Trainee: 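Before anything else, here's the structure in question.
Heavy atoms only: backbone and side chains are in, while hydrogens, waters and symmetry mates are out. Bear in mind the structure is a predicted one, so any value in this text is a computation, not a measurement.
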Amino acid sequence: MYDMKAFYEAESVEDAVRLRLEHPEAQIIAGGTDVLVQMREGKRAGKELISIYGIDSMRGISLDSEENIRIGSLTSFSHITKDPIIQKYINVLGEAVDMVGGPQIRNAGTIGGNTCNGVTSADSASTLMAWDAIVELTGKDGVRRLPIQEFYISAGKVDLHPDEIQTAILIPKASYENCFGHYIKYAMRNAMDIATTGCSVNVVLSEDKKTIVRARIAYGVAGPVPMRAPSAEAAANGKSVSQETVEAFAGAVLQDIHPRNSWRASKDFREHIAVEMAKRCLIESCKLAGGVIA
């Protein structure tokens, strides 16, 4: 069923880096929920595979010494959704990845695979983008950390050097502290479907809950890579928690997004739902933060 040239199993991060250097044309495989499907379709026929799935040090979620959230790249979607650290500090990420495929996919699929694919429709990507995630990459020269905005280069392409593997994703404390967010996925079906458009918003409100101190918004399938909407953020930052701010915020996203026509949806339709999603996500994020839309 699977046409592969060779299969190598890495025993550690160092071993995976060594295998990458020895087999530069090989494809990294983790949960296999994307790679094996593509191989079965003939897109990766005859490839060498390097499995990193057995590297347990790349699994799990923890707080580091600076209280940044560290998510090992081999952590499954199901684990992320159920993890108490995620539920306490960034529950929207758990909700977003719980929309990936079905239970079997969520049990096997990993956050690292979802981001390293480089696809704009990945359910984790827009939320990680909206929370200023940092990607940890490990290669022969050690560890490199890169803001996720710089990790995505173009459709299906990420900044991963030939000797590197992605080992973790970090959410800085400054990104999640006192921050509340909401994610909406629009798809043609209610389950097990690729997003037509995805929108993730989060806010930090003032102590009296009447002012938006900081708003962040990111989209999937609004351009070739997951993307922020800085014009919308600027339209909300420092403004009152009000319907007027919601309208200005949502209207401004059209200055930043670049959706395309496809068989799934037209450019015009994607722009229309992007505006509506921005409204709903901002309203819900403000409510979660304790604000009331006046």
Side-chain angles (χ1 to χ4, degrees), residues 1-61 70-80 97 100-101 104-125 128-129 133-148 150-170 194 224-226:
M1 179 181 289
Y2 298 108
D3 178 9
M4 65 183 73
K5 182 178 178 181
F7 184 84
Y8 309 100
E9 287 189 272
E11 297 179 354
S12 64
V13 172
E14 295 74 19
D15 193 33
V17 171
R18 176 186 63 81
L19 287 167
R20 286 275 276 162
L21 289 167
E22 292 178 358
H23 306 279
E25 300 301 319
Q27 168 72 48
I28 292 287
I29 182 172
T33 57
D34 286 315
V35 171
L36 291 180
V37 171
Q38 293 165 359
M39 184 168 281
R40 188 174 60 192
E41 293 173 346
K43 295 177 181 177
R44 298 183 186 272
K47 277 279 190 181
E48 294 178 293
L49 298 181
I50 298 173
S51 173
I52 61 172
Y53 201 66
I55 307 175
D56 286 337
S57 63
M58 288 173 55
R59 284 189 174 82
I61 299 168
R70 178 185 176 85
I71 307 171
S73 290
L74 289 182
T75 307
S76 71
F77 301 126
S78 295
H79 188 140
I80 291 170
V97 299
V100 176
Q104 298 94 331
I105 296 295
R106 293 194 293 271
N107 286 338
T110 64
I111 190 77
N114 204 226
T115 49
C116 284
N117 270 343
V119 296
T120 184
S121 58
D123 285 301
S124 68
L128 292 173
M129 190 77 67
I134 295 171
V135 179
E136 180 186 276
L137 307 163
T138 304
K140 62 181 177 61
D141 296 324
V143 173
R144 182 167 67 105
R145 289 181 174 173
L146 194 65
I148 197 165
E150 298 176 21
F151 183 60
Y152 287 93
I153 297 174
S154 59
K157 185 178 181 181
V158 295
D159 186 2
L160 188 65
H161 294 175
D163 63 301
E164 290 179 330
I165 62 170
Q166 187 199 105
T167 44
I169 293 173
L170 307 174
I194 295 172
V225 296

Trainee: Give me the atom names and distance for the closest heavy-atom approach of Asp163 to Asp141.
Mentor: OD2-N, 4.3 Å

Trainee: Where do Leu128 and Ile148 come nearest, in terms of heavy atoms and distance?
Mentor: CB-CD1, 3.7 Å

Trainee: Looking at CZ of Phe77 and CG of Asn114, how far apart are the two atoms once the value is rounded to the nearest 0.5 Å?
Mentor: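 Rounded to the nearest 0.5 Å, the CZ-CG separation comes to 4.0 Å.
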
Trainee: Are any side-chain N or O atoms of Ser51 and backbone N or O atoms of Tyr8, one a donor and one an acceptor, separated by less than 3.5 Å?
Mentor: no

Trainee: How many angstroms lie between OG in Ser12 and CG in Asp56, if you round to the nearest 0.5 Å?
Mentor: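 Atom-to-atom, Ser12:OG and Asp56:CG are 11.5 Å apart.
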
Trainee: Write down the atom of Ser73, the atom of Ala168, and the distance for their closest heavy-atom approach.
Mentor: OG-N, 3.0 Å

Trainee: Mark yes or no for whether Ser124, through its side chain, and Val97, through its backbone, hold a donor-acceptor pair below 3.5 Å.
Mentor: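 Side chain of Ser124 to backbone of Val97: no pair is present.
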
Trainee: Go through it in stages, so that I can follow the logic: the residues are Arg59 and His79, the test is side-chain contact (heavy atoms from CB on, under 4.5 Å), and I'd like the CA-CA distance, side-chain angles, deciding distance and then a yes or no.
Mentor: CA-CA 9 Å; Arg59 284 189 174 82; His79 188 140; over 6 Å; no

Trainee: What's the separation between atom CD1 in Ile134 and atom CD1 in Ile169, rounded to the nearest 0.5 Å?
Mentor: 11.0 Å

Trainee: Rounded to the nearest 0.5 Å, how far apart are OH of Tyr152 and OG1 of Thr120?
Mentor: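 Tyr152 atom OH to Thr120 atom OG1 measures 8.5 Å (nearest 0.5 Å).
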
Trainee: Would you say the side chain of Ile80 lies within less than 4.5 Å of the side chain of Ile61, judging by non-hydrogen atoms?
Mentor: yes

Trainee: Please report the closest heavy-atom contact between Tyr53 and Asn107, naming both atoms and the distance.
Mentor: OH-O, 4.4 Å

Trainee: May I ask you to check whether over 12 heavy atoms, not counting those of Glu22, lie within 6.0 Å of atom CD?
Mentor: yes

Trainee: Atom CG in Asp123, atom CD1 in Ile111: separation rounded to 0.5 Å?
Mentor: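 One gets 10.0 Å once the value is rounded to the nearest 0.5 Å.
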
Trainee: Run the numbers on Thr115 and Val158 for side-chain contact (heavy atoms from CB on, under 4.5 Å), then give the verdict.
Mentor: CA-CA 9 Å; Thr115 49; Val158 295; over 6 Å; no

Trainee: Give me the atom names and distance for the closest heavy-atom approach of Gly139 to Val17.
Mentor: C-CG1, 3.8 Å

Trainee: Please report the shortest heavy-atom distance between Cys116 and Gln166, naming the atom on each side.
Mentor: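 Shortest heavy-atom contact: SG-NE2, 3.3 Å.
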
Trainee: Do the side chains of Lys5 and Glu25 get close enough for a salt bridge, i.e. N-O under 4.0 angstrom?
Mentor: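 No.
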
Trainee: Nearest 0.5 Å, what's the OG1-CZ distance between Thr167 and Arg144?
Mentor: 11.0 Å

Trainee: Do Ile165 and Arg20 make a side-chain contact, defined as non-hydrogen atoms from C-beta onward lying under 4.5 Å apart?
Mentor: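 Yes - at least one pair of side-chain heavy atoms lies under 4.5 Å apart.
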
Trainee: Applying side chain to side chain donor-acceptor pair (under 3.5 Å), name anything that partners Glu9, two or more places apart in sequence or on another chain.
Mentor: none

